[in-house]
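Written below as structure tokens is the structure these notes are about.
Counting starts at 1 for both ligands and their atoms, following the listed order. Note that the structure is a prediction, hence the values are computed from the model and not measured.
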Amino acid sequence: MTKRVITTCTRDCPGCCGLVAEVRGGRVVSLTGDPDHPVTRGRACGKTNAYMKRLAHPERVLHPLRKSNGKPGSWLRVSWEHALDELSERLQTALDEHGSESILNYQGFGERTALTILNARFFALLGGVTTLTGTLCSGTAIAAQNLDMGRRISHDPLDHMNARAIVLWGRNPAVTQAPMTPLLRAARERQQAPILLIDPVRSETAKALADHFIQPRPGTDGFLALAAARIVLDEGLEDGIFLANHADHAHEYLDLLRQQDLGRLLAACDVPEADAQLLARTMARRPAAVLLGWGLHRHKQAHHSVRAIDALAALTGNIGLPGGGVSQGFDEYGPYDQSLWGEDLHPPRRKLSMPRIGAEILADQQSATPLRVAVVSAANPVCMAPNSGLVAKALDSIPFVAHLGHFLDDTSDHADLFLPCAAFLEETDIVAGYGHNYVGPVNKAMEAPGECRPMFHIFRELARRIPAASPLDRPDEVWLRRLVRPLADAGVSLESIMAGPVRIPWAPMAPYTDRRFPTDTGNFRFLTEFGLREPDKDGGYHFLTTGGARQICSERTLDSHTPLPVVRVHPEEAERLGLADGDEAVLGNDKAELRVALKLDAGLRRDTLAAERGGWLKAGHGVNLLTTDEESDLGRGTPYYGARVRLRQG
Ligand SMILES: Nc1nc2c(c(=O)[nH]1)N[C@H]1C(S)=C(S)[C@@H](COP(=O)(O)OP(=O)(O)OC[C@H]3O[C@@H](n4cnc5c(=O)[nH]c(N)nc54)[C@H](O)[C@@H]3O)O[C@H]1N2
Ligand SMILES: Nc1nc2c(c(=O)[nH]1)N[C@H]1C(S)=C(S)[C@@H](COP(=O)(O)OP(=O)(O)OC[C@H]3O[C@@H](n4cnc5c(=O)[nH]c(N)nc54)[C@H](O)[C@@H]3O)O[C@H]1N2
Ligand SMILES: [Mo]
């Protein structure tokens, strides 16, 4: 007998695809897109089937492990009793002897379901521990858009059907958000809406979707947005009504544009005038929908670019217009009761900057309250945070590190205890995504293999052992009901979510349509200064480490790595360096050197190299050995793509 289970992908991905698992004999035999999901409509990406293989992969850890001999990589199987007793004792001792800030909760992005809010609540019940601030993902764009519009609110993906032009700005949905591709194709057909892609790399999306392609220098999008805005002004394409009635600082912004030298702007982003003209005229085909990706904001000064893009959209009357807007993402935790994070259960506590996590931990170790215990969940910071070398050193400085995950990755190598977790087909939960407005069920389709346990059950077990945390020890359903209270108040029951995806009732299809913005004055706020600096032309290659098609970030296995990380380079640059396709070479900067295999790719700019993010250090990959641990100027994001590198024979 075959059972059909409706579930939702919980991978760290804007897709958040509705899925159907077919279960036979207690095993999932197929996993396909749910045709009834209104946004993802039966699509699921290549990662979906790869994920099933991953769950059954022989490298998956099925039992708790304790580091033996203090040596990385040498593990001893222990019972759950033993593991939970030891971790709870370590936590209790740290609390008693050093206070709650001597504990670090490093909660990553690998699983962001409703119940994961309770990881944080567990630590809040301990009195509030050291936690994180800033982000490895999307902080810069959110902060920039909050400045312009009061609060970042994106257009519903289905609203893009109203667009007469679509601009994909630093986004690669053909790889990173599979269900978006058919949706955008449909939008293009519906209104003959051209799709314009802006990316320093001729990505998969260029081939799959784009009618036009503009290839700026990395980190210079703000110059391009200003150049297009200047052309809008010169050609009289601006929306005078929006400028006059719904915007603050419109005069200053227009003055700023008039002061710009178009030639200088174009030189700074290295884009031909015809391309900037095309962008200006595309934006003037109202409504034009801009979809910002995550790529363009992984630069130190990216907020200037995001603000200049918002301003270009506002100048052309696209803000607050169905089918228009500048959309990036949604808040995956937004639909739930925010009080359950537990922030009000304790006084404010120490927070460490995620983009600078290595340096921040090491600095703490010199403070009056050094870290004694760290719990790292659903994250692989040694591989994915910048400046990997320092992150590894920092974890080693903490006397006891517990890692909750699926595989022994780079972070596990620096842990003392590994607790094997269930994955989304093996547990019950609900999930909202950062790519659309639906909240979906995570229904259990099969038992977790071996002794793997849902992350929340691990925290419940710890709560049974630590008196302060005991209020956490309630059944899943009790917590799920509390978590979805805002949805229930709006008429969406937990039962209806568990039956299939439900739209978040209060999410607008198009935001700000009344032209009222949640800013101080109720108006859109134009930027009045533009501080973006041109990247140093002699600083070495720009190095873009973007999402690969086969997996999300570092969700790999040791055996899935190519012998060397593959780095893509423009053929003429390779020739200049005396290198050919497939050659081994050395990629390096002042931080580290990495042996790489070259792949020639004429779709790159000559000043830019590209590689996939997420390869493990212990497999000889580890691009974050070369990135810098600093915060972006606004929004505490991580400027991974500010890394500059040299390439040589070797
Ligand atoms: N298959 C797969 N899917 C994923 C992921 C994955 O690793 N693999 N990762 C997931 C995660 S964590 C996220 S946050 C999302 C990200 O989703 P996306 O933003 O779509 O993907 P990225 O690969 O991070 O970057 C998008 C593009 O930005 C470009 N870019 C880099 N610098 C600049 C710049 O200065 N200007 C402009 N205009 N473009 C620039 C890159 O060349 C890249 O093509 O995808 C999620 N989905
Ligand atoms: N060089 C470079 N580095 C980058 C980026 C870049 O563009 N370039 N992008 C950044 C971005 S956008 C992001 S979001 C971060 C991601 O940074 P992280 O969140 O630290 O990294 P992931 O590789 O997504 O690791 C997620 C981990 O969670 C585990 N996991 C998955 N599902 C579950 C689950 O259900 N339960 C538990 N307990 N564990 C689970 C996975 O096996 C994996 O080990 O990386 C950033 N790092
Ligand atoms: Mo991300």
Between ligand 1 and the protein, which N/O pairs fall short of 3.5 Å?
residue: ligand 1; atom: 1 (N); partner: Lys47; partner atom: NZ; Å: 3.2
residue: ligand 1; atom: 1 (N); partner: Val175; partner atom: O; Å: 3.2
residue: ligand 1; atom: 1 (N); partner: Gly548; partner atom: O; Å: 2.8
residue: ligand 1; atom: 3 (N); partner: Lys47; partner atom: NZ; Å: 3.0
residue: ligand 1; atom: 7 (O); partner: Cys553; partner atom: N; Å: 3.0
residue: ligand 1; atom: 8 (N); partner: Gly548; partner atom: O; Å: 2.9
residue: ligand 1; atom: 8 (N); partner: Gln551; partner atom: O; Å: 2.9
residue: ligand 1; atom: 9 (N); partner: Arg613; partner atom: NH2; Å: 3.0
residue: ligand 1; atom: 17 (O); partner: Thr176; partner atom: OG1; Å: 3.4
residue: ligand 1; atom: 19 (O); partner: Trp294; partner atom: N; Å: 2.7
residue: ligand 1; atom: 20 (O); partner: Asn172; partner atom: N; Å: 2.9
residue: ligand 1; atom: 20 (O); partner: Thr176; partner atom: OG1; Å: 2.7
residue: ligand 1; atom: 23 (O); partner: Gly547; partner atom: N; Å: 3.0
residue: ligand 1; atom: 24 (O); partner: Arg298; partner atom: NH1; Å: 2.8
residue: ligand 1; atom: 24 (O); partner: Arg298; partner atom: NH2; Å: 3.0
residue: ligand 1; atom: 24 (O); partner: Arg613; partner atom: NH1; Å: 3.0
residue: ligand 1; atom: 24 (O); partner: Arg613; partner atom: NH2; Å: 3.3
residue: ligand 1; atom: 28 (O); partner: Gly170; partner atom: O; Å: 3.2
residue: ligand 1; atom: 32 (N); partner: His299; partner atom: NE2; Å: 3.4
residue: ligand 1; atom: 35 (O); partner: Gly219; partner atom: N; Å: 2.7
residue: ligand 1; atom: 35 (O); partner: Asp221; partner atom: OD1; Å: 3.3
residue: ligand 1; atom: 35 (O); partner: His299; partner atom: NE2; Å: 2.8
residue: ligand 1; atom: 36 (N); partner: Asp221; partner atom: OD1; Å: 2.7
residue: ligand 1; atom: 36 (N); partner: Asp221; partner atom: OD2; Å: 3.3
residue: ligand 1; atom: 38 (N); partner: Ile198; partner atom: O; Å: 3.1
residue: ligand 1; atom: 38 (N); partner: Asp221; partner atom: OD2; Å: 2.7
residue: ligand 1; atom: 42 (O); partner: Asp199; partner atom: OD1; Å: 2.7
residue: ligand 1; atom: 42 (O); partner: Asp199; partner atom: OD2; Å: 3.4
residue: ligand 1; atom: 44 (O); partner: Asp199; partner atom: OD2; Å: 2.6
residue: ligand 1; atom: 47 (N); partner: Thr176; partner atom: O; Å: 3.2

[X], portion touching ligand 2 at heavy-atom distance under 4.0 Å:
X: Cys421; value: side chain
X: Glu426; value: neither
X: Asp409; value: side chain

Indicate the atoms forming the closest heavy-atom contact of Val28 with Ala445, along with that distance. CG2-CB, 3.8 Å
Those atoms of ligand 2 less than 4.0 Å from some heavy atom in [X]:
X: Val623; result: 1 (N)
X: Asn624; result: 1 (N), 2 (C), 3 (N)
X: Ala379; result: 20 (O), 27 (C), 28 (O)
X: Met455; result: 38 (N)
X: Leu404; result: 38 (N)

Backbone of [Y] reached by a side-chain donor or acceptor of [X] within 3.5 Å:
X: Trp616; Y: Ser554; answer: yes
X: Glu111; Y: Thr116; answer: no
X: Glu59; Y: Arg556; answer: no
X: Thr411; Y: Val382; answer: yes

With a 6.0 Å cut-off on the ring centroids, do Trp294 and Tyr434 count as close? yes
Matching residue for Gln551 among Lys47, Glu612, Arg613 - test: side chain to side chain contact (heavy atoms under 4.5 Å, CB included): Glu612
Salt-bridge contact [X]-[Y] (side-chain N to carboxylate O under 4.0 Å):
X: Arg60; Y: Glu426; value: yes
X: Asp607; Y: Arg605; value: yes
X: Asp536; Y: Arg644; value: no

Is there any N or O on [X] that sits under 3.5 Å from an N or O of ligand 2?
X: Asn380; answer: yes
X: Arg54; answer: yes
X: Glu111; answer: yes

Ala422 near ligand 2, heavy-atom distance under 4.0 Å? yes
Tell me which pairs pass ring-ring contact (aromatic ring centres under 6.0 Å, His included) where either residue lies in residues 411-430, with sequence neighbours left out. Tyr51-Phe424, His403-Phe418
Looking at Asn172, Asp199, Thr181, which hits side chain to side chain donor-acceptor pair (under 3.5 Å) with Thr205? Asn172
